[in-house]
J.: 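Dropping a structure here in structure tokens format, bear with me for questions.
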Amino acid sequence: MLIQVENLTHIYNQGTPFERVALREVNLEIEAGERIGILGPTGSGKSTLVQHLAGLLKPTAGRVLLEGTPIHSKGATARKLRLQVGLAFQYPEDQIFEQTVFREVAFGPRNLGLDEAEVAARVNWALEMVGLDPVAVAQRMPFTLSGGEMRRVALASILAMRPRVLILDEPTAGQDPQGRRALLDKVGAWQRETNMTLIVVSHALEDLARLVERVIALREGRVVADGPTRQVLSDVKLLRAIGLDVPQPVALLQALRQAGKEVRVDRFLPAEAASEIARVWGLRGSVT
Ligand SMILES: Nc1ncnc2c1ncn2[C@@H]1O[C@H](COP(=O)(O)OP(=O)(O)O)[C@@H](O)[C@H]1O
Ligand SMILES: [Mg+2]
């Protein structure tokens with residue numbers, strides 16, 4: 001087992017008036033090569049959970065194991081394992097601190113002890129992966145970039161490390177729909193090529209639908225669902241209960257079902273919903 005989360009509880013500012021329970025006895029197991037989405041409303045504990053998976057927070061109780069070793073522990077083994085987990089933060093400003101985009105993206109590979117030619121090759125590759133032109137942005141100061149560009153630089157700096165586990169916390173916030181699709185498609189293709197483990201936090205259900213095979217839903221710091229993407233994203237009752245919008249194709253099919261049509265509702269991509277409607281209406285030919 002690659003990652004085990006055992007009875008993980010996280011309390012911020014414990015024992016002060018600002019005390020906040022962010023995670024409550026979370027248990028999870030994640031296998032190498034899985035593509036997982038983490039879903040939940042704002043404040044449900046998603047960012048706290050993924051910071052634990054990267055070994056950046058110390059549990060109040062419970063633990064996170066990476067290949068059987070507690071990830072936040074001291075010592076060379078845990079440090080080595082932590083380097084294999086790359087987390088692109090929700091707020092990229094929290095992650096960017098170098099003077100130029102090049103230096104920012106080069107920081108991780110340099111720390112891995114790679115020679116400068118390999119570092120430069122990785123920087124170019126990573127910037128292209130996230131849809132930035134290396135020639136145009138390499139010498140810019142990160143803080144002169146737009147929010148969306150900064151997020152891409154933060155992601156590039158993680159990709160350049162070639163992590164075995166890639167965690168993206170709200171990767172498409174602040175991106176236009178086209179840029180978003182392109183970015184997720186590239187990340188998806190890279191995942192298939194390398195079979196790395198991919199964990200994506202998002203409340204954009206369409207993003208998750210395209211990218212992941214398993215969805216874990218959080219509510220108030222607890223895991224309230226953990227199952228195949230198709231099952232979780234078409235569970236109208238569950239999604240409403242945790243305060244999330246139902247994917248529009250599912251809502252449409254649900255409305256047809258309530259009007260007495262015998263349609264399946266677990267079709268959350270627009271093209272799938274169209275095919276399902278065509279099937280029930282006996283339309284010929286494929287709809288895509
Ligand atoms: N650094 C922090 N200090 C205190 N409380 C925090 C901190 N970060 C998050 N929280 C609180 O912990 C809870 C979970 O937050 P978070 O993990 O960021 O949720 P999400 O990513 O799902 O929006 C929220 O109530 C949030 O206000
Ligand atoms: Mg968050």
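For ligands, and for the atoms within them, numbers begin at 1 and follow the listed sequence.
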J.: Looking only at side-chain N and O atoms, does E25 offer a donor or acceptor that is under 3.5 Å from a partner on T9?
T.: no

J.: For R79, what residues pass the salt bridge (charged side-chain N to carboxylate O under 4.0 Å, His left out) criterion, not counting sequence neighbours?
T.: none

J.: Give one line per pair: atom of ligand 1, protein atom, distance. Only N/O to N/O under 3.5 Å.
T.:
from, atom 1, to, atom 2, distance (Å)
ligand 1, 17 (O), T48, N, 2.9
ligand 1, 17 (O), T48, OG1, 2.5
ligand 1, 19 (O), G45, N, 3.2
ligand 1, 21 (O), S47, N, 2.9
ligand 1, 21 (O), S47, OG, 2.9
ligand 1, 22 (O), S44, N, 3.2
ligand 1, 22 (O), S44, OG, 3.4
ligand 1, 22 (O), G45, N, 3.1
ligand 1, 22 (O), K46, N, 3.0
ligand 1, 22 (O), K46, NZ, 2.8
ligand 1, 23 (O), G43, N, 2.7
ligand 1, 25 (O), R20, NE, 2.9

J.: When you compare the side chain of I36 with that of I216, does any pair of heavy atoms fall below 4.5 Å?
T.: yes

J.: Identify all side-chain donor-acceptor contacts of residues 237-246 below 3.5 Å with residues at least two apart in sequence or on another chain.
T.:
none

J.: Which protein N, O or S atoms sit under 2.8 Å from the Mg ion (ligand 2)?
T.: S47 OG, Q90 OE1

J.: Considering the options R230, R279, R210, which one meets the salt bridge (charged side-chain N to carboxylate O under 4.0 Å, His left out) requirement together with E272?
T.: R230

J.: For the residue pair Y91 / S47, report whether a side-chain donor-acceptor contact shorter than 3.5 Å exists.
T.: no

J.: With the threshold set at 4.0 Å, does a side-chain nitrogen-carboxylate oxygen contact exist between R264 and E276?
T.: no

J.: Quickly, which of V85, V200, L159 forms a side chain to side chain contact (heavy atoms under 4.5 Å, CB included) with L166? Name it, please.
T.: L159

J.: Please determine, by modelled atom types, if R152 and Q175 share a side-chain donor-acceptor pair under 3.5 angstrom.
T.: yes

